[in-house]
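Structure, as structure tokens:
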Amino acid sequence: MHQTLLAWYRQQGRQLPWRETRDPYAIWISEIMLQQTQVKTVLPYYQRWLQLFPTVYDLAAADQQTVLKAWEGLGYYARARNLHKAAQVIVAQHQGQFPEQFEDVVALPGIGRTTAGGILSAAFNQPVPILDGNVKRVLARLIALRQPPSKALDQLWQLSTALVPPREARDFNQALMDLGATVCTRHRPACLICPWRSPCAAYNQNVQLEIPMTETRAPLPHKQIGVAVVWNEQRQILIDRRPQSGLLGGLWEFPGGKIEPGEAVEDCIRRELQEELAIDVEVGDRLITIDHTYTHFKVTLNVFHCRHIGGKPQPIECDEVRWVAVSDLEQFPFPKANGQIIEAIKEIAVS
DNA sequence: CACTCGTGGGG
DNA sequence: TCCCCAAGAGT
């Protein structure tokens with residue numbers, strides 16, 4: 001089993017920048033970026049990150065806003081916050097050396113069982129198993145698993161553990177992920193060129209398209225949001241920094257909130273800015289309307305120009321509030337949906 | 001342990 | 001247009 005896969009990997013495996021190094025720091029960064037994120041998306045972020053933060057010391061010493069700015073657009077921002085925290089732990093508790101004991105690695109924020117296995121096998125060739133989305137699919141098909149992988153995690157972990165070869169774990173784990181990413185794909189798996197076609201139970205029973213089984217999810221709720229681009233007399237705009245925990249934690253945004261049933265957008269904006277920032281505004285023209293989908297809900301951002309009438313902005317439901325010039329907006333990390341607002345503001349500003 | 005947490009791409 | 005999914009972890 002191993003040798004078949006390893007032989008395939010040596011010929012067909014992907015060449016990826018984090019496979020050119022054995023620096024556990026660089027491999028760690030790649031593993032975190034690759035959580036729930038495709039290789040193509042990660043590549044430019046990975047290169048820029050290592051330019052900005054070449055070592056764990058650079059990362060530990062950076063301020064969080066710089067870290068979040070480097071992560072801007074990648075999503076799941078807790079990954080960046082945890083990466084930053086973990087770097088500080090490695091400097092303070094491990095003398096700047098990435099730990100090599102599994103228990104020490106999984107103890108770092110943002111690193112679970114799969115990521116720990118990925119790092120330790122890739123960086124140190126330790127025979128530890130992994131179980132990411134690719135491996136779940138490959139192994140589920142290998143044994144023709146008749147239930148969703150989430151219901152059989154123990155069994156899949158045992159199988160992954162049993163398969164890792166003692167002396168070639170690095171290549172084997174990478175090969176397993178490549179197989180899932182390029183051959184044993186969700187749609188149109190290329191079974192005819194698969195090195196594991198012969199032992200694959202799903203292929204032999206011709207059920208590879210039905211495995212892994214998926215559980216259905218409820219339809220996403222849709223929220224209407226009122227958003228304010230508040231201008232003051234100096235042609236500055238008001239932005240606020242979201243709390244550390246929760247959605248988009250630590251990122252900046254344009255203030256606003258959920259429109260209550262039957263409420264007009266203008267009323268929502270005036271109410272939210274009073275509740276969250278204790279300021280009075282006059283709501284003007286609509287700037288832009290943005291539809292955006294998050295993992296668990298959809299939003300429509302109804303963005304309106306506003307004029308600041310009175311009250312010094314207070315950080316009541318956020319961590320910080322600032323007035324900033326249009327030209328300075330790009331220095332702050334914003335969520336993707338807010339990026340469209342910034343573009344719209346710039347178009348107004350030049351005209 | 002079910003839920004939360006982004007974004008881009010494919011069918 | 002809409003659903004599903006992609007190198008998961010934290011709570």
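Every chain is numbered from 1 and lettered A, B, ... according to where its sequence line falls, protein lines coming before strand lines. It should be emphasised that the depicted structure is a prediction, and the values quoted were computed from it without experimental measurement. Side-chain atoms are counted along with the backbone in the values below, which use heavy atoms only and exclude waters and symmetry mates.
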Q) Which distance, rounded to the nearest 0.5 Å, do you find between the CZ of A/F98 and the CG of A/L108? A)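 A/F98 CZ to A/L108 CG: 5.5 Å, rounded to 0.5 Å.
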Q: Just compare C/dC5, C/dA7, C/dG8 and give me whichever is closest to any side-chain atom of A/T114.
A: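 From the listed options, C/dG8 comes nearest.
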Expressed in angstrom and rounded to an integer, what is the separation of [X] atom [atom1] from [N] atom [atom2]?
| X | N | atom1 | atom2 | answer |
| --- | --- | --- | --- | --- |
| A/L220 | C/dC3 | CG | C1' | 9 Å |
| A/L209 | C/dC4 | CG | P | 17 Å |
| A/W18 | C/dA7 | CH2 | C1' | 9 Å |
| A/L43 | C/dA7 | CG | P | 14 Å |
| A/I130 | C/dA9 | CD1 | C1' | 16 Å |
| A/N82 | C/dG10 | CG | C1' | 8 Å |
| A/M213 | C/dC5 | CE | C1' | 17 Å |

(Q) To check you understand the geometry: which heavy-atom pair defines the closest contact between A/L5 and A/A175, and what is its length? (A)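 Minimum heavy-atom separation between A/L5 and A/A175: CG-CB, 3.7 Å.
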At under 4.0 Å between heavy atoms, what does [X] touch on the DNA or RNA strands: base, sugar-phosphate, or nothing?
| X | value |
| --- | --- |
| A/K136 | nothing |
| A/G118 | nothing |
| A/W71 | nothing |
| A/V42 | nothing |

When rounded to the nearest Å, what value does the distance between [atom1] atoms of [N] and [M] take?
| N | M | atom1 | answer |
| --- | --- | --- | --- |
| C/dT11 | B/dT7 | C1' | 23 Å |
| C/dA6 | B/dG6 | C1' | 12 Å |
| C/dA9 | B/dG8 | P | 22 Å |
| C/dC4 | B/dC3 | P | 16 Å |
| B/dC1 | C/dG8 | C1' | 15 Å |

Q.
If only side-chain N and O atoms count, and only distance matters, is there a donor-acceptor pair under 3.5 Å linking A/R137 with A/N134?
A.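 Checked: A/N134/A/R137 side chains pair up, N/O donor to acceptor below 3.5 Å.
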Q) Closer than 4.0 Å, any side-chain N/O of A/K298 to the OP1 or OP2 of C/dT1? A)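 Negative; the distance criterion is not met.
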Q | N or O in side chain of A/T115 less than 4.0 angstrom from C/dA9 OP1/OP2 | A |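 Result: yes.
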According to the interplanar angle, ranging from 0 to 90°, do the rings of [X] and [Y] count as parallel (below 30°), tilted (30 to 60°) or perpendicular (above 60°)?
| X | Y | answer |
| --- | --- | --- |
| A/W196 | A/F172 | tilted |
| A/W49 | A/W71 | perpendicular |
| A/F297 | A/Y294 | tilted |

**Q.** Nucleotide-resolved protein contact map, nucleotides 2-11 of chain B, B/S/- at heavy-atom distance under 4.0 Å
**A.** --BBBBS---
Q: Report yes or no: is the cationic atom of A/R10 (NZ for Lys, CZ for Arg) closer than 6.0 Å to the six-membered ring centre of A/W8, at no more than 45° off its axis?
A: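 Judged by the rule, A/R10 and A/W8 form no cation-pi pair.
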Can [X] and [Y] be counted as an ion pair, charged N to O under 4.0 angstrom?
| X | Y | value |
| --- | --- | --- |
| A/R271 | A/E275 | yes |
| A/D178 | A/R19 | yes |
| A/K346 | A/E330 | yes |

Q) What parts of residues 19-34 of chain A reach DNA chain C, counting only heavy atoms under 4.0 Å away? A)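 Those residues whose heavy atoms fall under 4.0 Å from DNA chain C, taken from residues 19-34 of chain A in numerical order, are A/R19, A/E31, A/L34.
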Q. Has the side chain of A/R14 got a donor or acceptor atom sitting under 3.5 Å from an opposite partner on the base of C/dA7?
A.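 Indeed there is one.
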